[in-house]
Amino acid sequence: MPDKFLKPYDASETETRLYDAWEKSGLFNPDECVARGVTSANAPVYTVTLPPPNVTGVLHIGHAYEDSLQDAVVRYHRMKGDRTLWVPGTDSAAIATQARVEKNIQKEEGKSRHDLGREELVKRVAAFAKASEGTILSQVRRMGASLDWSRYAYTLDDTRNRAVTEAFKRMYDAGLIYRGHRIVNWDPKGQTTISDDEIVYQEEKAVLYYLQYGPFTIATARPETKFGDKYVVMHPDDTRYSAWSDGQQIELEWINGPITATVIKDASIDMTFGTGVMTITPWHSMVDFDIAERHELDKEPIIDEFGKLLPIAGEFAGMKISEAREKIVEKLRGKGLVVKEEAYTHNIATAERTGGVIEPQIKLQWFVDVTRPFTLVRSDIPGIASGATLSLKELMRAAVVAGGVNMPQEGFRNAYLHWIENLRDWCISRQIWFGHRVPVWYSGENIHIGAQAPAGGEWTQDPDVLDTWFSSALWTFSTLGWPRETDDLATFHPTSFMSPAYEILNLWVSRMILMSGFLLGQVPFQTVMIHGLVRDKQGRKFSKSLNNGIDPLDMIGRYGTDALRMGLLVGTAVGNDVSFDEGKVKGYKHFANKLWNVARFVLSNTSADATPQSALVPADHELLTAFDTLTTDVTLDMENYRMYLAAEKLYHYIWHELADKIIEESKPILAGTDEGARTSRQALLLTLLDRSLRMLHPFMPFVTEEIWQSLPTKDAPFLMVARWPS
RNA sequence: GCGCUCUUAGCUCAGUUGGUUAGAGCGUCCGCCUCACACGCGGAAGGUCAGGGGUUCGAAUCCCUUAGAGCGCACCA
């Protein structure tokens, strides 16, 4: 028995040493596994893509959980003998990264992005991203993640840039990407558009004003947008207003004088709200915009990009809307147009990143059309035939409904389908500078799609960049080299498994299905297991303001990676939020040491030649059979992604069966005079330890590997590539 | 408003298609440094499985309902 077993288990020394050894061996790479003969060349393929962390980020407890979950799955499949690939990468996170660098520059140099100019800013942001890349990558390694680093990808590297341009071009050519004046979510604070999914609604107490509008009374919470209102809308079935007909014109006195208004009948009006009549402001309201589109009405801007009133507001022009509101109401009161005021609670849209209040605006932006039909020439997606004509919405739906993408968690599946029902066109252009620039060039009336301007003529590139999720949506295949027809792409796509947090189900999962479906005619992954968030013991999210953050590296330093992984995985069904409990992590540190001591006992009581199982006495054979039952059970759990149960069962077996019972019973046998019983027991102990280590390895890779390296049953260079028991 | 998830021991959570006395970790109490392990060992206390109703031979598990917590989507002018 090696001397190391005489001391308690030392996680920190072991973990860094072993990770280096694994990485140097090259066996995280499935091709190397085949070359070295530890994996069969025609074995089934199993692929996982790491949800890329922000390149400038640091590892937080949520990553730690996600990495633990995926690494357990990946290691299981590798040991099962699959050609297993787990692809690493990082994300440029355009808005977040640019905002951070801008803030630094402002602080250190007192300069804004406009002072620096586009080229310089992008250079600085890119440099910052590059400089901080190493931090997150080394932290992911600390988690023990068995990623094939030779395939590392970054969303802004050359291959991924090519993928983005190609994807844009193909969608444009298919008529699925268009540029148009459409109403978008404008963030006056961030000075950019954002997508519907980047909005957070916040409750606000406001006043609902009932205003006299000619013969009608209208209710509004936003009198400051009413200057241009010249359409008054009601439900066609509303009997209170049956005297009025669609298109009828009426003269009335309004904020800044007499106007002519037109009556519009539209079924989208809620007859029970307010008075059942409203005026519309198509430029600054999604709903109003839709009504205006249906009836082909005029649209006029009232508010500018900085949230100030335009000249149409007359004397109020130039005022911020917040200060103008009360003044306008005052004027309306003076004119006797305010009928009544009542307290009112509603939700206002704010930008997730900046907290700015969203002001819908009609802007010229690029969109992905989710309802326009196209022909999918070649489809490997169950439920969608090659040559089928369908919309992206239908594609996203069919891919899940027909089981091409298996979403075993019914709740998330419903949420996904519900989201698709309500989906609008996806606004993909952003008015920032860092990220994938829209690959479109203009020269007068001419448009060219591509990374470079065409030769000859004066071409200018679109100034906007793409929504960061546009490139992320390509991730499962851009990481494998697409649009080039690489061997990797042919071999490893569609991927097998994806496990993102439910926060990004809509932002990311659905868009991967969209892009993969359209561009490859494949699903991006066969099974998606949505996981929950890690919260503190009170169930709160971790946040800077609560100061309740947990640094995974700190936990690793104190208890070891194996313990942290177990503490996060055991006992929380995938999809539920994980309540982080340091005590639990500590408990699994103790477990790692327990295992260490089991190994010490077994190794110091067996000799290297005590391995043949044929000599087992009946009692020992029975214990081995009992273990086989556990093996079957745990394997089934692993196959069904119930890692939390598998890990708990192994823990329970090793501590309360193997250590508490079997080892205790073994002491008299090993000290006894019955040679046959003793040899049999030695063989049994060695076998049970060996197989326990194999099955525990996906969860606690380090301590199991370290012990296994000293076992006489060792039959592979690493436990990492040894065979899963059956 | 529409939809989803959750409510099990003091705390945090498991309980896989309904099946014997409902489990784990931490915590608590008692006794132990017994040569694998004090990062440990032995033992103990602690639950009307949110409330009510139903289906069933049998329910923490399925159905209905009430209450509470959380989340998603939509959104009211």
Side-chain angles (χ1 to χ4, degrees), chain A residues 1 5-6 8-9 11 196-197 199 201 208-211 218-223 225-226 229 233 268-270 272-281 285-288 291 344-349 408-424 502-503 505-506 532-533 535-541 559-560 563 566-567 570-573 575-605 633 636-637 640-642 644-649 651-652 655-656 659-660 663-664 666-667:
Chain A
M1 182 183 69
F5 286 107
L6 296 174
Y9 176 61
D196 292 346
D197 302 280
I199 285 178
Y201 287 92
L208 190 62
Y209 300 96
Y210 287 78
L211 307 177
I218 59 162
T220 182
R222 301 204 59 191
T225 65
K226 297 286 152 200
D229 289 12
V233 191
S268 69
I269 299 296
D270 178 358
T272 63
F273 185 88
T275 57
V277 185
M278 69 174 199
T279 61
I280 57 167
T281 315
S285 159
M286 305 281 175
V287 180
D288 296 3
I291 294 172
Y344 169 61
T345 306
H346 68 155
N347 291 325
I348 55 164
Q409 299 148 299
E410 215 177 322
F412 291 122
R413 192 184 139 101
N414 289 339
Y416 170 84
L417 295 173
H418 186 238
W419 179 80
I420 292 174
E421 294 302 315
N422 294 306
L423 193 60
R424 296 160 159 267
Y502 57 68
E503 286 183 309
L505 173 63
N506 299 336
L533 304 178
R535 295 172 180 275
D536 72 6
K537 269 188 97 167
Q538 281 85 52
R540 302 174 306 182
K541 276 193 185 183
Y559 308 109
M566 285 291 276
V570 175
T572 304
N576 290 353
D577 287 347
V578 181
S579 160
F580 185 81
D581 180 1
E582 186 171 340
K584 206 164 146 188
V585 179
K586 189 175 169 189
Y588 290 111
K589 174 186 191 285
H590 295 175
F591 177 54
N593 195 55
K594 184 73 181 182
L595 190 59
W596 190 251
N597 283 303
V598 168
R600 179 194 301 171
F601 179 87
V602 172
L603 289 173
S604 61
N605 283 288
D633 209 13
L636 196 63
D637 284 336
N640 291 293
Y641 301 103
R642 294 189 296 253
Y644 61 103
L645 287 182
E648 188 170 3
K649 283 171 188 166
Y651 169 87
H652 197 261
W655 200 312
H656 299 299
D660 286 356
I663 285 185
E664 287 308 317
S666 298
K667 288 174 182 173

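A note on names: the letters A, B, ... follow the listed sequences, proteins ahead of strands, and every chain is numbered from 1. This structure is a prediction, so every number in the text was calculated from the model and none was measured.
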Nucleotide paired to [N] in any strand shown, Watson-Crick or G-U, under 3.5 Å:
N: B:rG19; answer: B:rC57
N: B:rC73; answer: B:rG1
N: B:rC39; answer: none
N: B:rG25; answer: B:rC11
N: B:rC33; answer: none
N: B:rU48; answer: none

Exercise for the section: Using a cut-off of strictly less than 4.0 Å, decide whether A:Tyr644 has a side-chain nitrogen or oxygen near OP1 or OP2 of B:rG15. Expected result: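 It does, given that an N or O in the side chain of A:Tyr644 lies less than 4.0 Å from OP1 or OP2 of B:rG15.
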
For nucleotides [N] and [M], find the distance between their [atom1] atoms and express it as a whole number of Å.
N: B:rG40; M: B:rC4; atom1: P; result: 45 Å
N: B:rA45; M: B:rA38; atom1: C1'; result: 23 Å
N: B:rA24; M: B:rG70; atom1: C1'; result: 25 Å
N: B:rA60; M: B:rG52; atom1: P; result: 13 Å
N: B:rC11; M: B:rC2; atom1: C1'; result: 35 Å
N: B:rC30; M: B:rU7; atom1: P; result: 34 Å
N: B:rC33; M: B:rA14; atom1: P; result: 39 Å
N: B:rC73; M: B:rU21; atom1: C1'; result: 46 Å

Handout entry: Distance, rounded to the nearest Å, where A:Arg535 contributes CZ and B:rU5 contributes C1'
Key =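 For the pair A:Arg535 CZ and B:rU5 C1', the rounded distance is 12 Å.
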
Exercise for the section: Give the rounded distance in Å between these two atoms: NZ of A:Lys589 and C1' of B:rG25. Expected result: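 Atom-to-atom, A:Lys589 to B:rG25, this comes out as 16 Å.
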
Among the nucleotides [options], which one has an atom lying closest to any side-chain atom of [X]?
X: A:Asn597; options: B:rA36, B:rC39, B:rG25; answer: B:rA36
X: A:Leu645; options: B:rA36, B:rG25, B:rG15; answer: B:rG15
X: A:Asn593; options: B:rC2, B:rU16, B:rC37; answer: B:rC37
X: A:Asn414; options: B:rC39, B:rA36, B:rC4; answer: B:rC4
X: A:Asp637; options: B:rG25, B:rC37, B:rU16; answer: B:rU16

How would you label the contact of [X] with the nucleic acid (heavy atoms, under 4.0 Å): base, sugar-phosphate, or nothing?
X: A:Asn576; value: sugar-phosphate
X: A:Asp270; value: base
X: A:Tyr201; value: base
X: A:Ala599; value: nothing
X: A:Val287; value: sugar-phosphate
X: A:Glu664; value: base

Exercise for the section: Would you indicate whether the side-chain heavy atoms of A:Phe5 and A:Leu603 approach each other to under 4.5 Å? Expected result: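 Result yes, sub-4.5 Å side-chain heavy-atom pair found.
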
Handout entry: Donor-acceptor pair present, A:Glu421 side chain and B:rA74 base, under 3.5 Å
Key = no

Exercise for the section: Can you check whether any acceptor in the base of B:rC37 is under 3.5 Å from a donor in the side chain of A:Lys594, or vice versa? Expected result: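 In this structure, the two groups form a donor-acceptor pair.
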
Problem - Exceeds 12 heavy-atom contacts within 6.0 angstrom, atom NZ of A:Lys649 - result: yes

Handout entry: Residue pair A:His418, A:Asn506: steps toward the side chain to side chain contact (heavy atoms under 4.5 Å, CB included) verdict
Key = CA-CA 10 Å; A:His418 186 238; A:Asn506 299 336; over 6 Å; no

Handout entry: A:Tyr502-A:Asp577 side chain donor-acceptor pair, cut-off 3.5 Å
Key = yes

